[in-house]
Amino acid sequence: MKILIPTKLDKAAAATLTAAGYDVVQNDSDPIEAQVAANPDAAGLIVRSEKVPAAVIDALPSLKCVIRAGAGYDNIDFVYARTKGIDVMNTPGANSNAVAEEVIAMILAAFRHLVPADVTTRAGEWNKKKYMGRELTGKTVGILGLGNIGRLLVKRLQGFECKVLGYDHFLSKQRALNIGATPTELDEIFSTADIISIHVPGGPATKNMINAELIGKMKDGAMLVNCARYGVVDEDAIRAARAEGKNIIYCTDVHPKDTAAQQPSADVADVMLPHLGANTKEANKKAALQAAQQMVDYFTSGDTTAVINAEKPTNLNPAHLHLAEQLGKLAYLAGGSLPIRRVECTYYNNLRSFRKWFTPWILQGAVPGAEHGLMPAAAEASFREHGIVFKAREPKDDKPYDDALTLELFMEENGEQKRVSVRGTLIDGKPVVSRIGSFDHLYAELGGDSLVLRYKDAPGVIAIIGQVLAQAGINIDNIIAPRDPMSGDALAIVKTNKPVSPAQVETISAAIGATLAFAVSL
């Protein structure tokens, strides 16, 4: 069986595969298109950053498995690969230590002016006084995100006797302390830390997470290091702060695209690298060995644990998977977006036999910034990585809920546990929420824009809600407002023709004395 490696990958991969009896072709010089044309009988393909579009997949009729030697896999058309029955894998975690060490290198380079000092000394200058530096030892370092990279960074900083502050919305305080970081809120980290290193996922949930308000809290001379994703830091806010006289050191290794171009960070970064985080021989070798072993396990024992595009059961309605994601997002917002400590899901009727397939969808709905498209085993690992216990439950009774899901989030607020429970099903093939807490028989459609409010039931409240929305030019498409006789509260689910802004939500909430108020787009 032939395995094609059209990339500059450590030879350990080829050696491992050859020892296992595979015919390995590795070439890091010729374009991937030329290599697949010359090796149409390849059954396995291992790449790094090379693009694997539909054309490459079609050129390999014997292809069964593609492995990305690294974490990301956006360079592979894994959706098209699925239509051809081809499994796609990645090697998560192989690069974590390389990134953690890069952060240390960037901190030291910036503190000791290594880049400009090297350039000017080679030019014949002697700027010893100009390049007075600072020491890392004893500094207060804030780490945003205590995943694999963040935890390794904590360990690497121990030798520098740093005080480490950690922020991770989903990690329990005790677990953060066990890692070696003092759990600290964002505001305090930005106002007290000498160095702040970012290790959170990219995407809409974290876009401009580091905004003008947080940057304004930074101490004069403090450093911000971004080896996470481009867009997490509002670089315009750094420019503005500097224009007002604030001294901020900014180091970055992430850019809009990994390509030769004038990068938008060029005028604001003190140290800027071409996404070198995973670019070490050791990380390359670790990814190579991991990819090779995954390929061997795949063909010899059918191990698909790392597959990211596995085919869902043909008799599982995809709308039920979207229901799970939407319920997760709804429950998270209904709970006040508090840190989640435990997630439990009960599956009814026919859905019980498909339980594992719902895990990734619950994850990406309930946990902001969580990676999408994971396989069930990887999703369970991601829950654990976030410090969240995930449990699939059997129904406690035999009530006829049809093909329904009950999702419960156990959240933490000031050391106290808060439970949020929602249930949903499909009606006419569309996801609906049938229960939120004690409010049952809702059957409100999940999809589009909605406003959710809980308040003391009283005459005229619905009119107030409608008036504020009308003044904002927002139409009400539908409204469901049941009353809970036990508490005397009402819950209004208002479906609107466009999103309701945070300011509008706040205005309505204040006008009706709401105890729960949020807008959601699904």
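Hydrogens, waters and symmetry mates are skipped; everything else that's a heavy atom, side chains included, is used.
- Separating the CG atom in L153 from the CD atom in E101 is a distance of 10.5 Å, to the nearest 0.5 Å.
- Taking a cutoff of 4.0 Å between a charged side-chain nitrogen and a carboxylate oxygen, R242 and D270 qualify as a salt bridge.
- Contact between L9 and N284 at its shortest, heavy atoms only, is C-OD1, 3.5 Å.
- Side-chain atoms of E188 and Y167 form no donor-acceptor pair, as typed in the model, at a separation below 3.5 Å.
- When every heavy atom of A319 is checked against every heavy atom of P431, the shortest pair comes out as O-CG, 3.8 Å.
- When the side chain to side chain donor-acceptor pair (under 3.5 Å) test is applied to E380, no partner is found at least two apart in sequence or on another chain.
- With hydrogens and angles disregarded, no donor-acceptor distance shorter than 3.5 Å links the side chain of K163 to the backbone of T182.
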Stepwise side chain to side chain donor-acceptor pair (under 3.5 Å) test for D297 and Q293: CA-CA 6 Å; D297 293 343; Q293 191 58 54; 3.0 Å; yes
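- The structure places CD1 of I189 at 5.5 Å from CG of L165, a figure rounded to the nearest 0.5 Å.
- Looking at H320 and F358, their side chains come closer than 4.5 Å, going by heavy atoms from C-beta outward.
- Atom-to-atom distance recorded for I508:CD1 and E506:CD is 11.0 Å, nearest 0.5 angstrom.
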Stepwise side chain to side chain contact (heavy atoms under 4.5 Å, CB included) test for L136 and I195: CA-CA 9 Å; L136 172 56; I195 303 157; 3.5 Å; yes
From CA spacing to verdict: side chain to side chain contact (heavy atoms under 4.5 Å, CB included), D258, S49: CA-CA 10 Å; D258 285 1; S49 299; over 6 Å; no
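- In this structure, N309 contributes its side chain and Y80 its backbone to no donor-acceptor pair below 3.5 Å.
- Considering all non-hydrogen atoms of both residues, V254 and S265 come closest at O-OG, 4.5 Å.
- A heavy-atom distance below 4.5 Å is found between the side chains of F383 and I362.
- Between F190 and L144, the closest side-chain pair of non-hydrogen atoms falls below 4.5 Å.
- When all heavy atoms are compared, the tightest approach of G147 to D168 is N-OD2, 4.3 Å.
- The shortest heavy-atom contact between A519 and V505 is CB-CG2, 3.8 Å.
- A donor-acceptor contact shorter than 3.5 Å links the side chain of D220 to the backbone of N247.
- Checking side-chain atoms of Q504 against main-chain N and O of S501 turns up a donor-acceptor pair under 3.5 Å.
- Checked against N127 for a side-chain hydrogen bond (donor to acceptor under 3.5 Å, both in side chains), the options K129, K130, E125 give a single hit: E125.
- At least one donor-acceptor pair closer than 3.5 Å links the side chain of N226 to the backbone N or O of R229.
- In plain terms, the two heavy atoms of A283 and A98 that are nearest each other are CB-CB, 3.8 Å.
- Distance alone, capped at 3.5 Å, places no donor-acceptor pair between the D449 side chain and the S521 backbone.
- Rounding to the nearest 0.5 Å places CD of E412 at 14.0 Å from CZ of R342.
- In this structure, the side chain of T206 does not engage the main chain of M209 through any donor-acceptor pair within 3.5 Å.
- Residues D10 and K281 are not paired through a salt bridge, judged by the lack of any N-O separation under 4.0 Å between the basic side chain and the carboxylate.
- Contact annotation: the side chain of M411 approaches that of Y332 to within less than 4.5 Å [non-hydrogen atoms, C-beta and beyond].
- Distance alone, capped at 3.5 Å, is enough to place a donor-acceptor pair between the D253 side chain and the G277 backbone.
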Criterion side chain to side chain contact (heavy atoms under 4.5 Å, CB included) on L45 and E50, from CA distance to verdict: CA-CA 11 Å; L45 179 66; E50 293 75 21; over 6 Å; no
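- Atom NZ of K64 has 12 or fewer heavy atoms from other residues, nucleotides or ligands within 6.0 Å.
- Side-chain atoms of I107 and C251, non-hydrogen and from C-beta on, never get closer than 4.5 Å to each other.
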Stepwise side chain to side chain contact (heavy atoms under 4.5 Å, CB included) check, R112 with Y131: CA-CA 7 Å; R112 302 305 296 269; Y131 296 132; over 6 Å; no
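- In this structure, K246 places its NZ atom where more than 12 heavy-atom neighbours from other residues, nucleotides or ligands lie under 6.0 Å away.
- Separation of atoms CD1 (I215) and CZ (R239) is listed at 10.5 Å; rounding is to 0.5 Å.
- Of the possible polar contacts, one joining the R68 side chain to the R48 backbone as a donor-acceptor pair under 3.5 Å is found.
- At least one side-chain heavy atom of F160 sits under 4.5 Å from a side-chain heavy atom of T137.
- Not a single donor-acceptor pair under 3.5 Å links the side chain of H199 to the backbone N or O of C227.
- Looking only at side-chain heavy atoms (C-beta outward), L17 and I5 come within less than 4.5 Å of each other.
- I149 has its side chain out of reach of V103: every pair of non-hydrogen atoms, C-beta onward, lies at least 4.5 Å apart.
- Expressed to the nearest 0.5 Å, how far CG of L152 lies from CG of N97 amounts to 5.5 Å.
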